[in-house]
Amino acid sequence: MKFNPCTESSGLPYSPFKSSTVPRPIGWLSSVNEDGLENIAPYSQWQNLTFDPPMVMFSANHYPDGRRKDTVLNAERTGWFVWNMATWDLREEVNKSAMALPTSESEWDHLDVTKEYADNHPIPMVKESPVKFECRYLSTHRLMGDSNVGSIDIVFARVEKIHIDEDFLTSDGRLDIPRIQPIARMGYFDYTVVRETFEMRVPGADADAKLGLEGTPK
């Protein structure tokens, strides 16, 4: 089968689009507004962009009525947000934080996690999350869709501090991903979890890997 997703129906009961680009890292992002109201929400369009300096991005769809997401507004107005790694042990809390709440209500009040605060700005972080990034806001790029909910804000940021729970490091100084068990977004209502990894080294890439350059074409 083939079809134009912009103008044609696939004929399938569910859209295959989001299920084709998988797995997608989860941007479990915490932020705070100018009045101190604390927010946390998961975003399934999250990714690192480069390593020198480390920069990241996430995109947030608008609400059906055209409103923009609180995380975007908070990042723009305070200049900061935090990424918390989403894991198998935290999966239920990640899911609860996706609830649509009034702007005046905090998702944190519904979560069974411990707060600890970032160094650069008073943003709550999930203490139980093994890795956290403090992200300094850089810019927003807006792309308009065919509907309000199809329109997105793409937020770019620079990672200014990384927090790592050293209990999740291997003896040779690597993140123990199979032990951490990060979760990722699939399509539909499906998720996946990383419990198994394998290694493939580009010939001559050992030195590059230590600098974060693995897989970078020469």
Side-chain angles (χ1 to χ4, degrees), residues 18 23-49 54-87 90-145 147-163 182-185 191:
K18 288 185 179 179
R24 300 192 304 278
I26 295 173
W28 199 19
L29 307 181
S30 51
S31 61
V32 64
N33 71 10
E34 315 97 299
D35 299 321
L37 183 66
E38 298 170 340
N39 177 277
I40 185 168
Y43 292 85
S44 59
Q45 278 77 237
W46 157 269
Q47 192 55 266
N48 64 308
L49 293 172
M55 290 189 282
V56 295
M57 59 76 64
F58 73 94
S59 69
N61 291 80
H62 295 183
Y63 286 109
D65 62 4
R67 288 180 298 121
R68 303 165 71 209
K69 295 292 176 66
D70 290 338
T71 306
V72 175
L73 297 175
N74 292 348
E76 290 177 346
R77 293 169 182 173
T78 69
W80 294 93
F81 65 90
V82 169
W83 171 76
N84 306 269
M85 182 180 280
T87 68
L90 293 166
R91 65 192 183 282
E92 297 297 341
E93 308 313 310
V94 174
N95 192 44
K96 285 190 288 185
S97 70
M99 295 184 297
L101 298 176
T103 301
S104 59
E105 189 173 347
S106 174
E107 295 83 3
W108 288 94
D109 296 336
H110 299 269
L111 305 186
D112 184 20
V113 298
T114 308
K115 289 182 187 178
E116 60 180 2
Y117 284 83
D119 294 343
N120 286 289
H121 195 78
I123 295 173
M125 308 187 298
V126 179
K127 182 177 177 62
E128 293 82 359
S129 178
V131 184
K132 276 89 71 173
F133 293 170
E134 294 187 37
C135 304
R136 181 170 60 82
Y137 171 81
L138 295 176
S139 64
T140 303
H141 183 73
R142 187 175 302 179
L143 293 175
M144 305 309 295
S147 62
N148 284 335
V149 75
S151 299
I152 59 170
D153 291 309
I154 307 171
V155 176
F156 300 95
R158 174 170 168 157
V159 178
E160 298 287 355
K161 184 162 289 189
I162 297 176
H163 301 251
I183 59 173
R185 190 68 193 270
Y191 291 76

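FYI, the numbering just counts along the sequence from 1.
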Are there more than 12 heavy atoms of other residues, nucleotides or ligands under 6.0 Å from atom CG of D112?
no

Show your reasoning for whether side-chain contact (heavy atoms from CB on, under 4.5 Å) applies to M55 and N48.
CA-CA 6 Å; M55 290 189 282; N48 64 308; over 6 Å; no

Do R77 and Y137 have side chains that get closer than 4.5 Å, going by heavy atoms?
no

Tell me the closest heavy-atom pair linking W28 and P42, and the distance in Å.
CD1-N, 4.0 Å

Under a 3.5 Å threshold, yes or no: a donor from one side chain and an acceptor from the other, between Y43 and T71?
yes

Heavy-atom closest contact (T87 atom, I183 atom, distance)
C-CG2, 3.8 Å

Criterion side-chain contact (heavy atoms from CB on, under 4.5 Å) on N120 and R136, from CA distance to verdict
CA-CA 9 Å; N120 286 289; R136 181 170 60 82; over 6 Å; no

Begin with the C-alpha distance, continue with both residues' side-chain angles, and end with the deciding distance and a verdict on side-chain contact (heavy atoms from CB on, under 4.5 Å) for V56 and V155.
CA-CA 8 Å; V56 295; V155 176; over 6 Å; no

Please report the C-alpha distance between R158 and E160 in whole Å, then the side-chain angles of each, then the deciding distance to 0.1 Å, and finally whether the salt bridge (charged side-chain N to carboxylate O under 4.0 Å, His left out) criterion is met.
CA-CA 6 Å; R158 174 170 168 157; E160 298 287 355; 3.5 Å; yes

At their closest point, which heavy atom of F156 faces which heavy atom of H141, and how far apart are they?
CE1-CB, 4.0 Å

Does any part of the side chain of N148, heavy atoms only, come nearer than 4.5 Å to the side chain of Y63, both counted from C-beta?
no

Just to verify, what does D65 make a salt bridge (Lys or Arg N to Asp or Glu O under 4.0 Å) with, not counting sequence neighbours?
R67

Does E38 reach the main-chain N or O of V32 with its side chain, forming a donor-acceptor pair under 3.5 Å?
no

Are S31 and N74 linked by a side-chain donor-acceptor pair shorter than 3.5 Å?
yes

Test item: S151 side-chain N/O and S147 main-chain N/O as donor-acceptor pair under 3.5 Å
yes

Does the side chain of F58 reach to within under 4.5 Å of the side chain of Q45, using non-hydrogen atoms?
no

Among residues at least two apart in sequence or on other chains, which ones pass ring pair (Phe, Tyr, Trp, His ring centres under 6.0 Å) with Y191?
none

Looking at I152, is its backbone amide N or carbonyl O close enough to the side chain of N61 to form a donor-acceptor pair, meaning the two atoms are under 3.5 Å apart?
no

Rounded to the nearest 0.5 Å, how far does NZ of K127 lie from CD of E116?
5.0 Å

I want to check something: taking the side chain as every heavy atom from C-beta on, are I162 and K132 in contact at a cut-off of under 4.5 Å?
no

Can the positive tip of K161 be found less than 6.0 Å from the middle of the six-membered ring of F133, inside 45° of the ring normal?
no

Tell me, please, which residues at least two apart from P23 pass side chain to side chain contact (heavy atoms under 4.5 Å, CB included).
A184, M186, T192

For the pair K115 and E128, find out whether any cationic side-chain nitrogen is under 4.0 Å from an anionic carboxylate oxygen.
no

Enter the distance from L29:CG to N84:CG here, rounded to the nearest 0.5 Å.
8.0 Å

I'd like to check D153 versus H62 (side-chain heavy atoms, cut-off strictly below 4.5 Å). Are they in contact?
yes

Return the minimal non-hydrogen interatomic distance between K96 and H110, and the atom names on each side.
NZ-O, 3.4 Å

Using 0.5 Å steps for rounding, measure from the CD atom of E105 to the CG atom of D70.
11.5 Å

Is the backbone of I26 close enough, under 3.5 Å, to the side chain of S44 for a donor and an acceptor to pair up by distance?
no

Any side-chain heavy atom of C135 sitting closer than 4.5 Å to one from V82?
no

Please report the closest heavy-atom contact between S106 and L37, naming both atoms and the distance.
CB-CD1, 4.1 Å

Sub-4.5 Å side-chain heavy-atom contact between M85 and H163:
no

For a side-chain contact (heavy atoms from CB on, under 4.5 Å) check, start with the C-alpha distance between T78 and N33, then their side-chain angles and the critical distance, and finish with the verdict.
CA-CA 7 Å; T78 69; N33 71 10; 5.7 Å; no

Shortest non-hydrogen contact from S97 toward V94
OG-O, 2.7 Å

Inter-residue atom distance I40.CD1 - I123.CD1, 0.5 Å rounding
11.0 Å

Out of W108, W83, Y117, which residue meets the side chain to side chain contact (heavy atoms under 4.5 Å, CB included) rule with S30?
W108

State, with a plain yes or no, whether a side-chain heavy atom of P25 is found less than 4.5 Å away from one of Q47.
yes

